[in-house]
Amino acid sequence: MVDRIIFVCTVLLAAVYLWATSKIPTLALGDPLGPKAFPQMLGVGLLIGAGMLLAEIIRAGRNKSGNTEKAAPLRFEKHDAVVLAVIIGTAVYVFAFERLGYLISTAIYLLVMTHFFNRGRWLMNVLTSVLFAVISYLAFAKLLGVNLARGILPF
Amino acid sequence: MDTFTHIMNGFVVATEPMNLWYTFLGVLMGTIIGVLPGIGPSAGIALLIPITYGMNPTSALIMMAGIYYGAKYGGSTTAILIRTPGEAASVMTSIDGYEMAKNGRAGAALAVSAIGSFIAGTIGVIGLTLFAVPLTSMALKFGPAEYFMLMLFAMTAVSTLTGDSPAKGVIATILGLMIATIGIDLQSGQARFTMGVPEFLDGVGFVVVVVGLFAMAEVLRGLEDIYRGSSAKAMRITGKLWLTREEWKRSIGPIWRGGIIGFVIGVLPGAGGTIAAIMSYTTEKRLSKHPEEFGKGAIEGVAGPESANNSDTAGALVPLLTLGIPGGGATAVLLGAFIMYGIQPGPLLFQTKPDLVWGLVNSMYIGNVMLVILNLPLIGLFVRLLYIPQGILYPLIVAISAIGAYAINGSTMDLWLILAFGVVGYVFDKTGIPVAPLVLSLVLGGMMEQSFRQAMTISSGDLKIFYGSTITVVLLVMSVISVLLPFVIPMLRKLGSKGDES
C-alpha cells in the first residue's frame, strides 16, 4: 500500500519537474546542451525509478499469491499524533526564532518539549532548558561571534 | 619533492600542537556522537561546518575526519550496553556484544571493540597511505567523461546496495540530483527551479538537508519511541576492562580479517560500514569451530565486525581523497565540508596541498591512539552519557541544529528547510527509502552535471565519449554490475542453499 503511494507521488513529482524544466528559458550560447538537458534526463530517470518500483510491487504481489497481503490499512494512530505535535511545536519554534530571539524561543521550546517527553522531573527540565539556552547563547553569539537572532532582548 | 617527503611532512603538520588539539576535539566529539543514539557523524560534521567557518582548513578537516572515524568507536559502546547501535554500522556488535554484557563480560566486549577498532583502524590508515599514491596518478588521466562515469558508478552502487529496494534507492538518488539542480545554473547563468524564492538562487544548502535528514528526522523517531515507551535502558559495565588470554587468542584472527575486509569494502562505493560489519560477522561464523556460540555472546562476533567498520572508514577516504568522489553518505558530507572550505579533493590536491592531505591522513594514526585511550580507561565517562534522559537529549539536538543552521546565512529559511527535510527523512525511514543515496547525489549533483556538459562540449554532442576510453568502459561495466548485483545475489543464494541441502 505504502509503495503504491510512493509510486504515485514519484510519477507526479517527475511530471511536475519535467514541466518546470520545459519552462526554463534557454539562450544558446556556446554550450550545446544548455541548462535544460540534464534536468530532462533526471525527469526521465525518476520515471524509470518509478517503473522499477512498479515492477517490485507487482513481483511482491505475485510472490504472496492470493490475498495474504491484507494491504495493511494506513491508520492514524496516537504515536503519529505525537510526531505531528512535535512537528507543529518545532514549527512554532522556528516561527518565533527571529521574532522573540534565540534565547527566549529556545528556552521556551526546550521547556515545553522536556515537559512532555521527560515527565515528572521538572526541576531537571527547567534547569537544563534555561541553562542550555543561556550558555549556548553566550558561547556562540558572544564568544564565537556566531550570528544568532537577538529578537526582543536588548543584548 | 617526492611522495615520501610529503608523507613525512604530513607528520610534522599532524603533530603541530594546534592540530593535535583539533584531532583530540574531533575524536572526542566523535566518541560522544557515536555513544549518543540519535545524532550520527553525518549530522555532527554538517553542524560543525558553519560553526568552524573561517578556521584553518587543515585543522577543521582534521577535526571533522576525527568525528567521522571516532563515531565508530563510540557506536560500539551503545550497541554493547543497550543493544541499540549508537551508530548504524554497529548493528552486528549489538548481537553478541549485548549477550556478552548479559553474561557479565561487558568489560571484555568493550575492550575488544576498542582494541580491535584501534588495530583495524590503523591497518586502514596504512592501506590509505599505500593506495593513495598509485590511485592519484591514475586519476590524473581522468577527463570530464571519466569523472562523469565514475560518479555514475558511485551513485548506482550506492542506490542499489543500500536499503532493501533498488527502485527506492534509484528514486532517492534522482531526488538528490534534482535538489542539486535548484539555483543558478553555473554555465548559462539561468535560474532553475527556484519557485520564486530568492534564497533558492544559491541552491538549497547542503548542510540544512543533511541536518534535516539525519538529525531532525532522528529526533522525530526518537521522541516517537519515547512516547511508545520502547526506548531501552543501559546496562552497567561488568567485568574487568580487559581480555583473558583465551579471549585474546580468539579475537586476534577476527580483528585482522575484519580489518582487511573493512578496508576493501570501504574503498568500493556503495557498501559501507554496515555491510563490512555483516560480511565480517558471517565470515567469522563460517570459520569458527563453534558457530553455535554466535548470537549467544561469542567474542569473535564483536571483534570482527567492530574492526571491519573501523577500517572501512579509512578505506572510504581513499576514493574521496584520491578521486574526489565519495562512495557513501558520510564521506559525501565530508566532501561537502571540503568544498565549503574551497578545497576540491582529488589527484590535484596531492600536488597543490600535500601538507593538508598528508597532515589529515597522518592525524588519523594519532587520532586512533587517542581513541583507544578515550574508549578504554575513560569509557566510564562516556557511558554516563547513556544515562542522560532521551526526552532532554532530543529537544537539545533541535536547538543545536538551529544554532548551526542559522549561523550559515542568518535566515530562518534554513530552519524551515531543516524541519521540512526532517519530515522527509522521517517519512523516508518509515517507507523504506534510503537517505544516503540522496545525500551523495546532492553533493555530487553539480559536479556531475558540469562534467557531463563539458564532456559533451568536447565531443560536440557525441555520446560516444562516455564509452570511448578503457577507463570509461571499465566504469560502465562496473556500473552495470552494481545494478545487476541485487538481482543476482538472491539467485546465487538460492543456488547455494540448494547445494547445501543435497
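Just so you know, these numbers use all the heavy atoms, side chains as well, and skip hydrogens, waters and symmetry mates. Here is how names work: the chains are called A, B, and so on, in the same order as the sequence lines, proteins then strands, and each is numbered from 1. Everything numeric here is computed off the predicted structure, so don't read it as measured data.
- One finds the CD1 atom of B:Ile226 at 11.5 Å from the CZ atom of A:Arg119 (value rounded to the nearest 0.5 Å).
- To the nearest 0.5 Å, atoms CD1 (B:Ile392) and CZ (A:Arg121) are separated by 7.0 Å.
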*side chain to side chain contact (heavy atoms under 4.5 Å, CB included) between A:Asp3 and B:Lys168, worked out*: CA-CA 9 Å; A:Asp3 285 357; B:Lys168 289 177 184 170; 2.8 Å; yes

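- Of the listed residues A:Val82, A:Val86, A:Val94, A:Thr90, the one with more heavy-atom pairs under 4.5 angstrom with chain B than any other is A:Val94.
- Residues of residues 415-424 of chain B lying under 4.5 angstrom from chain A, judged on non-hydrogen atoms, are B:Leu415, B:Trp416, B:Leu419, B:Val423 in numerical order.
- Residue-level contacts of residues 171-178 of chain B with chain A, in order of numbering, are B:Ile171, B:Ile174, B:Leu175, B:Leu177, B:Met178; threshold 4.5 Å between heavy atoms.
- For a residue to count as touching a neighbouring chain, one of its non-hydrogen atoms must lie under 4.5 Å from one of that chain's; by this rule A:Leu13 touches chain B with the side chain only.
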*asked:* As a quick check of understanding, evaluate side chain to side chain contact (heavy atoms under 4.5 Å, CB included) for B:Ile403 and A:Leu148, giving each step before the final call.
replied: CA-CA 7 Å; B:Ile403 299 173; A:Leu148 280 180; 4.1 Å; yes

Give every donor-acceptor pair under 3.5 Å between a side-chain atom in residues 35-47 of chain A and any protein atom, sequence neighbours left out.
none

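- Atoms CD and NZ, from B:Glu224 and A:Lys78 in turn, are 14.0 Å apart once rounded to the nearest 0.5 Å.
- Remark: B:Ile400 CD1 to A:Ser136 OG distance equals 8.5 Å, nearest 0.5 Å.
- Sorted by first then second residue, the ring-ring contact (aromatic ring centres under 6.0 Å, His included) pairs that include residues 158-191 of chain B, not counting sequence neighbours, number zero.
- When the candidates B:Leu393, B:Asn409, B:Val398 are compared by the number of heavy-atom contacts under 4.5 Å with chain A, B:Val398 comes out ahead.
- With a 4.5 angstrom heavy-atom cutoff, A:Phe132 touches chain B only via side-chain atoms.
- Between the OH atom in B:Tyr227 and the CZ atom in A:Phe116 there is a gap of 11.5 Å [rounded to 0.5 Å].
- Note: B:Ala402 leads B:Ser159, B:Ala191, B:Ala402 in heavy-atom pairs under 4.5 Å with chain A.
- When the candidates B:Ala407, B:Gly169, B:Gly410, B:Pro166 are compared by the number of heavy-atom contacts under 4.5 Å with chain A, B:Pro166 comes out ahead.
- Taking every heavy atom of both residues into account, A:Gly49 and B:Val170 meet most closely at CA-CG1, 3.9 Å.
- In terms of heavy atoms, A:Glu56 sits closest to B:Ser165 at OE1-OG, 2.7 Å.
- Interface remark: A:Ala133 contributes no atoms to any contact with chain B (heavy atom separation under 4.5 Å).
- Within the 4.5 angstrom heavy-atom criterion, only side-chain atoms of A:Ile6, from C-beta onward, approach chain B.
- Contacts between A:Thr10 and chain B at a heavy-atom distance below 4.5 Å involve the side chain alone, from C-beta outward.
- For the atom pair OH (B:Tyr394) and CG (A:Leu110), the distance works out to 15.5 Å, reported to the nearest 0.5 Å.
- For a residue to count as touching a neighbouring chain, one of its non-hydrogen atoms must lie under 4.5 Å from one of that chain's; by this rule B:Met195 does not touch chain A.
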*Could you give me the CA-CA distance, side-chain angles and deciding distance for B:Tyr406 and A:Phe97, then say whether ring-ring contact (aromatic ring centres under 6.0 Å, His included) is met?*
CA-CA 10 Å; B:Tyr406 193 79; A:Phe97 196 83; 4.9 Å; yes

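- Using a 4.5 Å cut-off between heavy atoms, A:Thr21 contacts chain B through both its backbone and its side chain.
- Heavy-atom distances place the side chain of A:Thr106, and not its backbone, under 4.5 Å from chain B.
- Of the atoms belonging to A:Phe95, heavy atoms from both backbone and side chain fall under 4.5 Å from chain B.
- Of all heavy-atom pairs between B:Ser411 and A:Glu98, the closest is CA-OE2, 4.4 Å.
- When each of A:Met52, A:Met124, A:His79 is checked for heavy-atom pairs under 4.5 Å with chain B, A:His79 comes out on top.
- Contact between B:Ala399 and A:Tyr93 at its shortest, heavy atoms only, is CA-OH, 4.0 Å.
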